[in-house]
Engineer: 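The structure's right below; bear with me while I get my questions together.
Note on naming: letters A, B, ... go to the chains in the order of the sequence lines (proteins, then strands), and numbering restarts at 1 for each one.
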Protein chains: 2
Amino acid sequence: MVSRNPNQTRRAILDAALEEIHLRGFQGMRVEHILQRTGLTKGALYHHFTNKMSIGYAIVDEILGQDVMERWVGPLSDSSNPVLTIIEICEKERAGRTAEEIEKGCPINNLSQEMSPIDEGFRERLEQVYRQWTSAIAEALSRGQKTGVIRADVEPAKIAKFLLASLQGIIGVAKCCKSEQMLDDMADCMRSYLLQLLNADSVQRAV
Amino acid sequence: MVSRNPNQTRRAILDAALEEIHLRGFQGMRVEHILQRTGLTKGALYHHFTNKMSIGYAIVDEILGQDVMERWVGPLSDSSNPVLTIIEICEKERAGRTAEEIEKGCPINNLSQEMSPIDEGFRERLEQVYRQWTSAIAEALSRGQKTGVIRADVEPAKIAKFLLASLQGIIGVAKCCKSEQMLDDMADCMRSYLLQLLNADSVQRAV
DNA sequence: ATATAAACAGACCAGTTGGTATGTCAAATA
DNA sequence: TATTTGACATACCAACTGGTCTGTTTATAT
């Protein structure tokens, strides 16, 4: 904002928009509020984006999708034990959240619940994020089966979808109930379920 | 709508509003659309409700809460085997949904994700629904432990929360991915998890 | 140095939206 | 039958909202 830096301006718009969307949803987000947050004007905003919708699309593609890649896809691709890696990621994410953050939930889940039925562009983009996410888990589980850490009878593709769904469900219910206790209770069940996916031999080391 | 019937009119407003909200969310729901659906006018609508928000509150209290009572709390309170009852309810609900219905998700989850962070009135009402829901599951699991059908080492309160969260997560992910296959895959995992809660002796009869 | 195009600023606008004020009609009540 | 009240109908409005249009400033290429 000091000197002219279009990339930085564009990113500032997306960051401000994401914060608003995270709390109020895409429909509840107001262009005017982005201007207030960034100190920019309408001229600047509509120079970088054609309309409100394109801001939402860019957030999914450039921020949320990227986050999943960095926090999940990357670590899982380097992992020799997907179960432990998933538990680690969850605990790390959990540690970084205040009670206030919990109330806002996962922006990916928020957006998909709000927008996927009413805008196909949003839905396709969010579905793609979910696909990358589940694929990364499924592939890691598959590799784990080959190395013997994961039970041979688990079906990676199915379990991956279920794990992702449960995770989103947990975050969503905790968000509504505004309860850290509830979040930790559910996470505990999730952890137990994850450990069940390990081969009997390797459970000793894990717990 | 034929003759004057205030209760029927009020209910017609709520039903129409719920359909709109189910698809577009509460913020996306337009009062004007309710009028079009019901054939009523603003005068009628604002005679029965003080404002838009009160329509949303009434829907949670009178329709969604009631639905949970009928579909979950009732059956579970009569159940001798909560695991089988839950599986039955899920299969029944699943059978009644078309692909189009799946895209709209669960209205309770939709509303809680959208409204709980921005309106405390909504959040409290939805939390209460979740509480009744999880309590019913937890109590049924407890009773199952006493009769011996449920494993003694499961913690009813924790598992109940996790089950509810997973269920909502599954519906939510399937909604975004618009995939019946994915829904059934995840439901399959959920079913397996539920059956694990049964005592080893009674598994034979269940499967 | 100057032309050119990108990166903004700011006023303005048309459509939308929740909500209100006033009037009318039917049914219960006396 | 007269009257009062609840159940609507209709016109209207003020505020909001996404988006546009025109103008100005800054960087960059020639």
Engineer: Is B:D184 salt-bridged to B:R94, cutoff N-O under 4.0 Å?
Structural biologist: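 Salt bridge between B:D184 and B:R94, a charged N being under 4.0 Å from a carboxylate O: yes.
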Engineer: Which one of A:R24, A:K175, A:Q168, A:K104 satisfies the side-chain hydrogen bond (donor to acceptor under 3.5 Å, both in side chains) criterion with A:N110?
Structural biologist: A:K175
Engineer: Mind listing the residues from residues 15-30 of chain A sitting with a heavy atom below 4.0 Å of DNA chain D? Number order is fine.
Structural biologist: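 Output list: A:M29, A:R30.
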Engineer: Do any N or O atoms of the protein come closer than 3.5 Å to N or O atoms of nucleotides 19-25 of chain C, and which pairs are they?
Structural biologist:
residue: C:dG19; atom: OP2; partner: B:Y46; partner atom: OH; Å: 3.1
residue: C:dG19; atom: OP2; partner: B:K52; partner atom: N; Å: 2.8
residue: C:dG19; atom: N7; partner: B:K42; partner atom: NZ; Å: 3.2
residue: C:dG19; atom: O6; partner: B:K42; partner atom: NZ; Å: 2.6
residue: C:dC25; atom: O2; partner: B:R4; partner atom: NH1; Å: 3.4

Engineer: Send over the distance from B:E32 CD to D:dA11 P, rounded to a whole Å.
Structural biologist: 13 Å
Engineer: Can you tell me which residue pairs pass the ring pair (Phe, Tyr, Trp, His ring centres under 6.0 Å) test with a partner in residues 42-76 of chain A, sequence neighbours excluded?
Structural biologist: A:Y57-A:F122, A:W72-A:W133
Engineer: Name all residues meeting the ring pair (Phe, Tyr, Trp, His ring centres under 6.0 Å) criterion together with A:Y193; count only those two or more places apart in sequence or in a different chain, and write none if there are none.
Structural biologist: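 A:Y193 satisfies ring pair (Phe, Tyr, Trp, His ring centres under 6.0 Å) with A:F162, B:Y193 only.
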Engineer: Taking CG from A:L45 and P from C:dA6, how many angstroms apart are they, rounded to a whole number?
Structural biologist: 18 Å
Engineer: Taking only residues two or more places apart in sequence, or in another chain, which ones meet A:D185 in a salt bridge (charged side-chain N to carboxylate O under 4.0 Å, His left out)?
Structural biologist: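 Scan of A:D185 (salt bridge (charged side-chain N to carboxylate O under 4.0 Å, His left out), adjacent residues dropped) gives B:K161.
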Engineer: For A:R10 and C:dA6, what is the distance between atoms CZ and P respectively, to the nearest whole Å?
Structural biologist: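 In whole Å, C:dA6 P and A:R10 CZ are 16 Å from each other.
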Engineer: Ignoring backbone atoms, establish whether A:H48 has a side-chain N or O less than 4.0 Å from OP1 or OP2 of C:dC8.
Structural biologist: yes
Engineer: Please give, in whole Å, the distance from C:dT17 P to B:H33 NE2?
Structural biologist: 6 Å
Engineer: With B:E32, which residues qualify under side chain to side chain contact (heavy atoms under 4.5 Å, CB included), at least two apart?
Structural biologist: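 Scan of B:E32 (side chain to side chain contact (heavy atoms under 4.5 Å, CB included), adjacent residues dropped) gives B:L35, B:Q36, B:K42.
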Engineer: Tell me the salt bridge (charged side-chain N to carboxylate O under 4.0 Å, His left out) pairs involving residues 128-145 of chain A, sequence neighbours left out?
Structural biologist: A:E127-A:R131
Engineer: At under 4.0 Å, does any side-chain N or O of A:H47 touch on OP1 or OP2 of C:dA7?
Structural biologist: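 Yes, A:H47 has a side-chain N/O under 4.0 Å of OP1/OP2 on C:dA7.
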Engineer: Whole Å only: how far is the CD atom of B:Q36 from the P atom of C:dT16?
Structural biologist: 12 Å
Engineer: Tell me, please, which residues at least two apart from A:E101 pass side-chain hydrogen bond (donor to acceptor under 3.5 Å, both in side chains).
Structural biologist: none
Engineer: For residues 82-110 of chain B, which residue pairs qualify under ring pair (Phe, Tyr, Trp, His ring centres under 6.0 Å), counting only residues two or more places apart or in two chains?
Structural biologist: none
Engineer: For A:L35 and C:dA11, what is the distance between atoms CG and P respectively, to the nearest whole Å?
Structural biologist: 13 Å
Engineer: When you measure from the side-chain N and O atoms of B:T9 to the phosphate of D:dA7, is any distance below 4.0 Å, counting only OP1 and OP2?
Structural biologist: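 Looking at the OP1 and OP2 atoms of D:dA7, neither is under 4.0 Å from any side-chain N or O of B:T9.
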